[in-house]
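Heads up, the thing below is written out as structure tokens.
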Amino acid sequence: MRVNVTVNGEQRQADDVWEGESLLYVLRERLGLPGSKNACEQGECGSCTVYLDDVPVCSCLVAAGQAQDREVRTVEGLAEGDALDPVQEAFVEAGAVQCGFCTPGLVVAAHDLVNRVPDPSDPEIREALAGNLCRCTGYEKILDAVRLAARKKSAQQKSAR
Amino acid sequence: MDFLRPETLAEALALKSERPDAVPIAGGTDVMVELNFDHRRPAALLDLTRIPELREHSSENGVVRIGSGVPYVRIIDELGGALPALAMASRTVGSPQIRNRGTVGGNLGAASPAGDTHPVLLVAGATVEAASARGVRFIPATEFYLGVKRNALEPDELITAIHVPATRAPQQFSKVGTRNAMVIAVCSFAVALHPGENRVGAAVGSAAPTPRRATEAEEFLSGELTATGQWESPKPLLDSVKRRFGELVAQAASPIDDVRGSAAYRKHALSVLARRTLGWAWQDYTGKAA
Ligand SMILES: Cc1cc2nc3c(=O)[nH]c(=O)nc-3n(C[C@H](O)[C@H](O)[C@H](O)COP(=O)(O)OP(=O)(O)OC[C@H]3O[C@@H](n4cnc5c(N)ncnc54)[C@H](O)[C@@H]3O)c2cc1C
Ligand code: FES
Ligand code: FES
């Protein structure tokens, strides 16, 4: 089947999609967007997290056909041109990336949190990231990154005002 | 495989009666795992996410009607006041990503003995609204679960909504697992006080082929509270009453040994969950009545 979906603001079309295929597969294998990672294909690891109509979801658990006419935003769609999003900057600056496999999913989950909650508490951060596994960092630097991202975000919003 | 994409409920019901072999897909958090791992190859998928009627909830005469496609995150955010135990159970499901997609309709459709909403629906007196091209019927939650992953739906039916009485009385839900997030219950328990009816509801999950009520525990405690006039003037519960309640809850279960836990552990954990949750609910009731 054919699937039409807006990805990172662009109208995209995928052909020969199998009806039981996941949105993750379509993004990676048919639309050339390998940012979202495929690790578990069962919703456990969060490395495939994308926004679907502004809501973070595991793209491995969305049927491709369910994304028809919807809006998807992947990790590739967070930066503006060459300027990284504050959340991405924070991950770099805090050293929250080791092998990097979990990073795209964590960045999307953290992006959602700092955009919803201006000054998240540690329990709120842990809760928001509970669906994302990292095998390398031990999470401490990731928590640092999210705290830093929240500060960057509120500074950005203040200067915009 | 066909991908069927109805835009209205009427269209979905017509498709389901033409194609009873089509597998409904809502949040996909159960269905997609089965597809990704090739555990299931249905002839067709019937996508329910485009049907606006299934994504609404409303309240009438003290009963909340939750469209089968309302995701957990909205139950937590929008219905926590009226349906405390359902919101508690919803908070424990998976992770934020899973709660953003997963639905009570999907939990009921999957009918896993470990589904977190089931004990709550049993104690809260919920009714499942099932529809087909032939009409609508209402199935009490107590008659919905037929066996491991088997429910009372006919092949041409879809779950359209769940009706749950709103309450101000205390309710609790608790589950045991290895960590707070992303845990399939080793066992779970829900309790609801129904002061208007001088009755307590109690039900276990993940501890029998189906979620089930702990009827003897319910009768024991309801009888005890009524006989001692505690609905009108609640006093702290005797330890012996809590303990007996826990024992009767454990007796209601017929768990198995599996990778998540042994049968003996499950029974023990259930008696502890029952005691604790009853303690919390009763404390809440005592505070409210005082
Ligand atoms: C990582 C992960 C963690 C999880 N954690 C939990 C947990 O903690 N607790 C828990 O209870 N569950 C958990 N689950 C299981 C799952 O998320 C829930 O069962 C959820 O409620 C399913 O809802 P859904 O909308 O995604 O269902 P879907 O996958 O879309 O459907 C599930 C089943 O119900 C049927 N169905 C769906 N909607 C309807 C309808 N309207 N009418 C008739 N049939 C219908 C489908 O055909 C299918 O058989 C988890 C799953 C994953 C992947
Ligand atoms: S690949 Fe989707 S959650 Fe792991
Ligand atoms: S950095 Fe390697 S999994 Fe997180």
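Reminder, nothing fancy here: chain letters follow the sequence lines and each chain counts from 1.
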Where do [X] and [Y] come nearest, in terms of heavy atoms and distance?
X: A:E41; Y: B:F37; value: O-CE1, 3.4 Å
X: B:N36; Y: A:S22; value: OD1-CB, 4.3 Å
X: A:A63; Y: B:F3; value: CB-CE1, 3.9 Å
X: A:G131; Y: B:S95; value: CA-CB, 3.3 Å
X: A:G43; Y: B:M182; value: O-CE, 3.5 Å

Would you indicate whether the side-chain heavy atoms of [Y] and [X] approach each other to under 4.5 Å?
X: B:D47; Y: A:Q68; value: no
X: A:E19; Y: B:L45; value: no
X: B:D2; Y: A:M1; value: no
X: B:T49; Y: A:R70; value: yes

If you count heavy atoms of other groups shown closer than 6.0 angstrom to [atom1] of [X], is the number above 12?
X: B:I184; atom1: CD1; answer: no
X: A:K152; atom1: NZ; answer: yes
X: A:D53; atom1: CG; answer: yes
X: A:E71; atom1: CD; answer: no
X: A:D15; atom1: CG; answer: yes
X: A:D119; atom1: CG; answer: no
X: B:E11; atom1: CD; answer: yes
X: A:F101; atom1: CZ; answer: yes

Which atoms of [X] are under 4.5 Å from chain B, going by heavy atoms: the side chain, the backbone, both sets, or neither?
X: A:C40; result: backbone
X: A:T49; result: side chain
X: A:A128; result: backbone
X: A:L133; result: side chain

Out of A:P56, A:A109, A:G46, A:C58, which one racks up the most heavy-atom pairs below 4.5 Å with chain B?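 Counting heavy-atom pairs under 4.5 Å, the top option is A:P56.
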Heavy-atom cut-off 4.5 Å, strictly under: side chain, backbone, both or neither for B:I98 against chain A?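 Just its side chain gets close to chain A.
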Examine distances only and state if a side-chain atom of [X] and a backbone atom of [Y] form a donor-acceptor pair shorter than 3.5 Å.
X: B:R101; Y: A:V62; answer: no
X: A:Q66; Y: B:R50; answer: no
X: B:N100; Y: A:V55; answer: no

Rounded to the nearest 0.5 Å, what separation is found between the CD atom of B:Q97 and the SG atom of A:C60? 9.5 Å
Would you compute the distance between atom CD of A:Q42 and atom CD of B:E34 and round it to the nearest 0.5 angstrom? 12.0 Å
Under 4.5 Å, counting heavy-atom pairs only, tell me which of B:R179, B:R99, B:R5 racks up the most with chain A. B:R5
